[in-house]
Amino acid sequence: MQELHEYSKCYDLVVIGGGINGIGIANDAAGRGLSVFVCEKDDLASHTSSASSKLIHGGLRYLEHKEFRLVREALAEREVLLNKAPHIIRPLRFIMPHRPHLRPAWLIRTGLFFYDHLGKREKLAGSNLVTFDGLDSPLHPDIQRGFEYSDCAVDDARLVVLNAIQAREHGAKIMTQTQCISAVQIEGLWHVTLENEHGVFQVKAKVLVNAAGPWVAQFIRKNLNLKSPYGIRLIQGSHIIVPKLYEGEKAFILQNDDQRIVFTIPYLQRFTLIGTTDWEYTGDPNHVEISAEERAYLLDVCNDHFKQQLTEADIVSTFSGVRPLCDDESDNPSAVTRDYTLALSAESTAHAPLLSVFGGKLTTYRKLAEATMDQLKPFFNSMKKEWTATALLPGAEHFNSIDELKDQIQQQIKGIGEATAERWAHAYGTRTMHFLQHSNSIHELGQDFGHGLFAQEVDYLVDQEWAITSEDILKRRSKLYLDFNQDEIQILEMYLHVLHERRLRQNVA
Ligand SMILES: Cc1cc2nc3c(=O)[nH]c(=O)nc-3n(C[C@H](O)[C@H](O)[C@H](O)COP(=O)(O)OP(=O)(O)OC[C@H]3O[C@@H](n4cnc5c(N)ncnc54)[C@H](O)[C@@H]3O)c2cc1C
């Protein structure tokens, strides 16, 4: 047993989980003046929060399940988030081919009417009818009509990281690769035991926030030794990535015979992202993988709609995650509520409160965090009021447009390719200049790992964005994993190893 170190500091909040919900809550709380500690057992956004369809959306199909509260809140959040982070979020038009035997046109028109009017909308265009010209259309010739409406696309993992950076700037302490192994209440405080590569240590907190996503109920039972107030349904969703399936910037929402829908979304210039599935999951949430049936299902839905026929050989990459949904005992995985439930347990003022997050969407993370703070207000008299609705996320400061920023980057760094400048503009917004400020040409960016990744960016990700492994960098901070081969990954790993050793020596000195 390693020595148990105890940090003398007592935090207002200790948050378990570095997904969008944990980090969103930490950021909101830190900005209100609370002292916050977050532990994440792996990397930020390494589970559900990087395995989403990457949409900031109202959820048209949730209207069918009468989730009006959720849809209204989510619709309104689209423009709030678009304004907060215009570099990582973009408006996206969706085309829904009409297949009369599945849903009648009047039903879809009614749904779209609500979709256009339920939430505040200033920037996003409303819905309209579309017709498809047989020759130019990527769809089968028998699909001649459809509908079009707006939602937004987001870089999900970066949404988490940007919130984490902002939380840190408000004083939050965030530790990745640090697992909470237990927490007990002693004299009105939580004593939280954590473990990472440096050993086992303890922090204290007035309030414990359990945002462990797929592990939320298990954490209450096993790590806290308490009874979970709600059950959790783990619903697996998988995506496949194929070379660009059609020209243009629009997404399609395809209705399938089983009443489910599948999105095809233009992805990273060269690809189309196709998903998702909705399958009950009973395995270990640490290791979720796409099944052969899911691959076949997604290919079939596309082939039913598009002229270009896809086969297994077209699949470039896949990813899967599990939605941690609050169990409403629905028979159908697609119908389980996507809304969130916050469970606050504080038996008396002498007891330290535990707040657990069940369910939720990427889209509603900010509202979920506000709702959490509302529930915690009685425990923190001097807590400041809500602030996140209008606060820009890091990189959105002084941001006008991707094109303008891209030009600025290309003017500063002589010889930098357009694709790299554009990637930086999207990922870091105006904070790109944080790692470029002392450089004027491509030769000053340090080791070149290929595909527009240079040492200067890697160092920034390690120093400022909690990146440790090549996967953190290639899969979540950038999406360069689709370009890198094994040899190139190995070179990056060697560099990271040396950097890690150097940082350790500097810390010791
Ligand atoms: C296939 C799919 C598609 C989706 N598409 C969309 C979409 O397009 N739009 C949208 O709005 N939403 C979407 N969602 C929903 C959204 O992704 C999730 O609601 C959200 O990411 C959940 O975030 P979370 O923080 O609760 O969970 P997670 O991201 O899983 O974070 C929980 C974290 O807690 C950590 N943790 C657990 N136990 C411990 C412990 N003991 N100690 C330390 N850390 C711990 C885990 O490692 C994990 O990183 C989708 C979900 C899926 C699965």
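Every value quoted in this text rests on a predicted model; they were computed, and no experiment measured them. As the structure lists them, so they are numbered: ligands from 1, and atoms in each ligand from 1. We count residues from 1, following the sequence as given.
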query: Checking K479 against F319: charged group under 6.0 Å from the ring centre and within 45 degrees of the axis?
result: no
field: By side-chain contact (heavy atoms from CB on, under 4.5 Å) - contacts of R221 (at least two apart)
entry: A217, Q218
field: Under 4.0 Å from ligand 1, counting heavy atoms only: the protein residues, by chain and number
entry: I16, G17, G18, G19, I20, N21, C39, E40, K41, D42, H47, T48, S49, A51, S52, S53, K54, L55, H57, T178, Q179, C180, A211, A212, G213, P214, W215, F219, G237, H239, T276, G321, V322, R323, G360, K361, L362, T363
E73 side chain to T364 side chain, donor-acceptor N/O pair below 3.5 angstrom: no
task: Could you tell me whether E79 and K123 have a side-chain N and a carboxylate O separated by less than 4.0 Å?
output: no
Hey, can you pull the donor-acceptor pairs under 3.5 Å for the side chains in residues 466-476, sequence neighbours left out?
from	atom 1	to	atom 2	distance (Å)
W466	NE1	I174	O	3.2
T469	OG1	E471	N	3.3
T469	OG1	D472	N	3.1
T469	OG1	D472	OD1	2.9
T469	OG1	D472	OD2	3.4
S470	OG	E493	OE2	2.6
E471	OE2	R476	NH1	3.1
E471	OE2	R476	NH2	3.4
D472	OD1	R476	NH2	2.8
D472	OD2	I468	N	2.8
D472	OD2	T469	N	2.9
R476	NE	D43	OD2	2.7
R476	NH2	D43	OD2	3.3

List, one per line, each side-chain donor-acceptor pair under 3.5 Å for residues 160-167, sequence neighbours excluded.
from	atom 1	to	atom 2	distance (Å)
N163	OD1	N27	ND2	3.0
N163	ND2	L159	O	2.9
N163	ND2	Y365	OH	3.1
Q166	OE1	N27	ND2	3.0
Q166	NE2	L392	O	2.8

